[in-house]
Amino acid sequence: MLPMEMSSNFVKSIIEEDLASGKVKDVVTRFPPEPNAYLHIGHARAIITNFELAKMFGGKTNLRFDDTNPVKEDAMFVEAIKGDIEWLGYEPANVFFGSDYFEETYRRAVMMIKKGLAYVCDLSADDVSAYRGTLTEPGRPSPNRDRSVEENLRLFEEMRSGRIPDGAKTLRAKIDMASPNINMRDPVMYRILHVHHHNTGDKWCIYPMYDFAHPLQDAIEGVSHSLCSLEYVDHRPLYDWFVEKAEMEHVPHQYEFGRLNITNTIMSKRYLKQLVEAKVVRGYDDPRMPTLVGLRRRGYTPEAIRAFVLGTGLSRINSTVSSEMLENCLRDDLKMKAARTHAVLSPLKLTIENYPEDMTETFEIPNNGDNPELGTRTVSFSKHIWIDKEDFAETAPDKGWKRLSVGLEVRLMQAYFVKCVGVVKNEAGDVVEVRCTYDPATRSGSGFNLRKPNGNIHWVDAATALPATFNLLEPLMVDSDADRSIFDRLNPHSWNEAQGYVEANLSNVPIETKFQFVRVGYFSVDYDSKPGSLVFNRIVELKSSFK
RNA sequence: UGGGCUAUAGCCAAGUGGUUAAGGCAUCGGACUUUGACUCCGAGACCGCUAGUUCAACUCUAGCUAGCCCAGCCA
């Protein structure tokens, strides 16, 4: 069963307590992506968690683009990210940018200088690093640590004016160079970057660092619960310090949860970029990619992704969930929603000897036997039929064989029983045609029950079937050994194409339409598909206990 | 003795002193079946380890072990 809402977890408990104690009145969360990459399913977890949590408590969720580093960001991603969130089914209460708050952030920085809590530092990047100390040794104070408030004010203004080159000065928080938490050793608050910003243009040449900007942004927006991943745990003391020292009226709190990984799936932005740039994949929306655009193109539904995220829970552990879990969510979602039709992926000709050459029948059959609301469709039947190679073996391999073999009788689903009376082979000895006879008394729907077939197989009428391409997608990675290069871990068979046939009624299917191809799997119409040249992506296979 | 975080079945994950330790995925049986699907029934845990507190410990305490994170003018 698909989980429809978030089960018990530590963040939910915290919110319940905060509400009960009166510490928090309005639940406000936010999803703060940096606009520098396509979103992937790991982001989907953050999105879904933030939105569902707020929704559950009558709160709201903002989308906030964390655009404090113009050298890495690109406005193109802003629209892409908005689209992904909308596709997932969420609507942000507000769409903000970190850059909306540059003026306010600057004022707070000035305030902190006046309070003697921030200073302009002349150290180079290398020197800042050297002065910082190591994990086991304390750092040393910057030579400029005790500059006067007046001088700091003057220099900070000078930084802003544009007269100082990149990297020559920084504004630093005056905290504790001996702190065992390295984040507290006078972290940089502002750096000089003479770079054009996608929102603020050339107005600024100093940009705030994440550690300073983020808590202020949360505070300004009235965020109550600021969720982030585990690697920010060590930043929380800094977060709280900035909120307090910058005298923010609203006090947000940060809570961290573990990242979600999926087996056989590479999730880091960097690796995904490498795959695209090396042309290992066909783009960010390649149906093998774990990006939201990739999953969408492949045929994953927002409902399945939401069920997956809700079903895997939330904790302070970096988890690696089996990809089978995601696959199951897709099957579960499409089980009742998708029409079930016939497709033959590896065609083998079947000829019914006792069926008249010029006869054609049409059958009205249900689109989904478990869901009458999906209606019916008409399929044709005639002397020449395509079946799947896998459904035929000249001699049955074992007594459990439930398909067709010489001398055995199976049901062509929704049609007739056919009995194999012989085969035609080519020079190489491969079976190229199966010869059968059919029994008119066994017509589906007739109530015939005098004998049981050896199995049920799908088929399409060769006279009317449409040729189609099937993209049989497998994991990009076969090896989870993170020590090896991703290029050494690639699955050489991640993309297999099959040429086969589908029912004639699929001639005009729109892209992204989902089907269950009976006994084969769930498929979605690819973006490249068009009438006369149909392309289907296999989203997931059906489960099978057949070995 | 840098600091921090984590530890419940193969994978996720509830559980916050007293329950047969939820649930999902996976796996293995069985039933049903015009999908070897679905559905249904059944099966799995010495709760990281060791001491302790307690009538009672997955839950509290101490010690230990293992894994992950931190030394960007990235986020």
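Scope of the values below: all heavy atoms of this structure, side chains included, with no hydrogens, waters or symmetry mates. Convention: sequence-line order gives letters A, B, ...; per-chain numbering from 1.
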Sidechain N-carboxylate O distance under 4.0 Å for A:Asp100, A:Arg64 = no
task = Considering only atom C1', compute the distance from B:rA45 to B:rC11 and round it to an integer number of Å.
result = 14 Å
inquiry  = Check the phosphate of B:rA14 against A:Lys12, side-chain N and O only, distance under 4.0 Å to OP1 or OP2. Yes or no?
reply    = no
request  = Can you run down the ring pair (Phe, Tyr, Trp, His ring centres under 6.0 Å) pairs that involve residues 309-345 of chain A, sequence neighbours left out, and say none if there aren't any?
outcome  = A:His342-A:Trp459
ask   = Can a salt bridge be assigned to the pair A:Arg377 and A:Glu503 using a cut-off of 4.0 Å between side-chain N and carboxylate O?
value = yes
task = Provide the distance between the two P atoms, one in B:rU53 and one in B:rU20, to the nearest whole Å.
result = 25 Å
query = What one-letter contact string describes nucleotides 70-75 of chain B from 5' to 3', where B marks a base within less than 4.0 Å of any protein heavy atom, S marks contact via sugar-phosphate atoms alone, and - marks no contact?
reply = BBSBBB
query = Looking only at atom P, what distance separates B:rC28 and B:rC47, rounded to whole Å?
reply = 27 Å
task = For A:Asn36 and A:Lys269, test the side chains for any donor-to-acceptor distance below 3.5 angstrom and give the result as yes or no.
result = yes
query = Rounded to the nearest 0.5 Å, what separation is found between the CG atom of A:Leu171 and the OH atom of A:Tyr190?
reply = 8.0 Å
key: A:Phe363 six-ring centre to A:Arg443 NZ/CZ under 6.0 Å and within 45° of normal   = yes
ask   = For atom C1', what is the distance between B:rA75 and B:rU35, given to the nearest Å?
value = 48 Å
task = Scan A:Arg172 against the nucleic acid and name what it touches under 4.0 Å (heavy atoms): base, sugar-phosphate only, or nothing.
result = nothing
inquiry  = Taking the basic N atoms (NZ, or NE/NH1/NH2) and the acidic carboxylate oxygens, is any pair closer than 4.0 Å for A:Arg30 and A:Glu221?
reply    = no
message = Quick test of your reading of the model: are A:Arg451 and A:Asp439 salt-bridged, counting only N-O distances below 4.0 Å?
response = yes
key: Polar pair under 3.5 Å, donor/acceptor by atom type, side chain A:Arg519, base B:rG36   = no
query = Which is true for A:Gly400 with a 4.0 Å heavy-atom rule: it touches a base, it touches only sugar-phosphate, or it touches nothing?
reply = base
query = Donor-acceptor pair, A:Asn318 side chain versus A:Gly258 backbone, under 3.5 Å?
reply = no
query = Under a 3.5 Å cutoff on both atom distances, Watson-Crick or G-U, what's the dot-bracket for RNA chain B ([ ] crossing, | other strand)?
reply = .(((((((.[[[..)..(....]]].(((((.......)))))....[[[[[..)....]]]]])))))).....
inquiry  = Give me the distance, rounded to whole Å, that separates B:rU8 from B:rC60 when you measure between the P atoms they each carry.
reply    = 15 Å
ask   = Taking the six-membered ring of A:Tyr131 as reference, does the NZ or CZ atom of A:Arg140 fall below 6.0 Å from its centre and within a 45° cone about the axis?
value = yes
query = Any side-chain heavy atom of A:Asn261 sitting closer than 4.5 Å to one from A:Val321?
reply = no
ask   = Do side-chain atoms of A:Arg147 reach the backbone of A:Asn152 as a donor and acceptor pair under 3.5 angstrom?
value = no
query = On RNA chain B, nearest-nucleotide positions of A:Val518 versus A:Phe10: which is more 5'?
reply = A:Phe10
ask   = With a 4.0 Å cut-off on heavy atoms, is A:Gln516 in touch with a base, just the backbone sugar-phosphate, or nothing at all?
value = base
query = A:Asn328 CG to B:rG24 P: how many Å, rounded?
reply = 11 Å
query = Atom CD of A:Glu327 to atom C1' of B:rG24: distance rounded to whole Å?
reply = 15 Å
What's touching nucleotides 28-33 of chain B from the protein side, N or O pairs under 3.5 Å?
none

task = Determine the contact category for A:Gly98: base if any of its heavy atoms lies under 4.0 Å from a base atom, sugar-phosphate if only primed atoms, P, OP1 or OP2 are that close, otherwise nothing.
result = nothing
key: Span that lies between the P atom of B:rU27 and that of B:rA66, in whole angstrom   = 34 Å
query = At under 4.0 Å, does any side-chain N or O of A:Ser7 touch on OP1 or OP2 of B:rG23?
reply = no
inquiry  = With a 4.0 Å limit, can you tell me whether A:Arg316 has a side-chain N or O closer than that to the phosphate oxygens OP1/OP2 of B:rU6?
reply    = yes
task = For A:Ile262 and B:rG24, give me the distance from atom CD1 to atom P, rounded to whole Å.
result = 20 Å
ask   = Hey, does the side chain of A:Arg331 come within less than 4.0 Å of B:rC38's phosphate (OP1/OP2), counting only N and O?
value = no
message = Within the 4.0 Å heavy-atom criterion, would you say A:Ser444 contacts the bases, only the backbone, or no part of the nucleic acid?
response = base
query = Judged by atom type as modelled, is there a donor-acceptor pair below 3.5 Å linking the side chain of A:Asn505 to the main-chain atoms of A:Val379?
reply = no
message = If I pick the C1' atom on B:rU6 and the same atom on B:rG24, what distance separates them, to the nearest angstrom?
response = 22 Å
ask   = How many Å lie between CD on A:Glu409 and P on B:rU34, as a whole number?
value = 15 Å
message = Taking syn as a glycosidic torsion within 90° of 0 and anything else as anti, which one is B:rG72?
response = syn
Qualifying ring pair (Phe, Tyr, Trp, His ring centres under 6.0 Å) pairs, either residue in residues 159-185 of chain A, two or more places apart = none
N/O to N/O distances under 3.5 Å, protein versus nucleotides 10-12 of chain B:
| from | atom 1 | to | atom 2 | distance (Å) |
| --- | --- | --- | --- | --- |
| B:rC11 | O3' | A:Thr320 | O | 3.2 |
| B:rC11 | O2' | A:Thr320 | O | 2.6 |
| B:rC12 | OP1 | A:Thr320 | N | 3.3 |
| B:rC12 | O5' | A:Thr320 | O | 3.3 |
| B:rC12 | O2' | A:Thr312 | O | 2.7 |

key: d(CZ, A:Arg443; C1', B:rU34) in whole Å   = 12 Å
ask   = P atom, B:rC46 versus B:rA21: distance in rounded Å?
value = 13 Å
key: Value in whole Å for how far the C1' atom of B:rU34 lies from OH of A:Tyr416   = 15 Å
key: Interatomic distance, A:His342 NE2 vs B:rA37 C1' [rounded to whole Å]   = 13 Å
inquiry  = Please compare A:Leu326 and A:Val520 by the position of their nearest nucleotide in RNA chain B and report the one closer to 5'.
reply    = A:Leu326
inquiry  = Around atom NZ of A:Lys419, are there more than 12 heavy atoms from other residues, nucleotides or ligands closer than 6.0 Å?
reply    = no
ask   = Do NZ/NE/NH1/NH2 and the carboxylate oxygens of A:Asp391 and A:Arg519 come within less than 4.0 Å?
value = yes
inquiry  = From CG of A:Leu330 over to P of B:rC38, roughly how many Å is that when rounded to an integer?
reply    = 14 Å
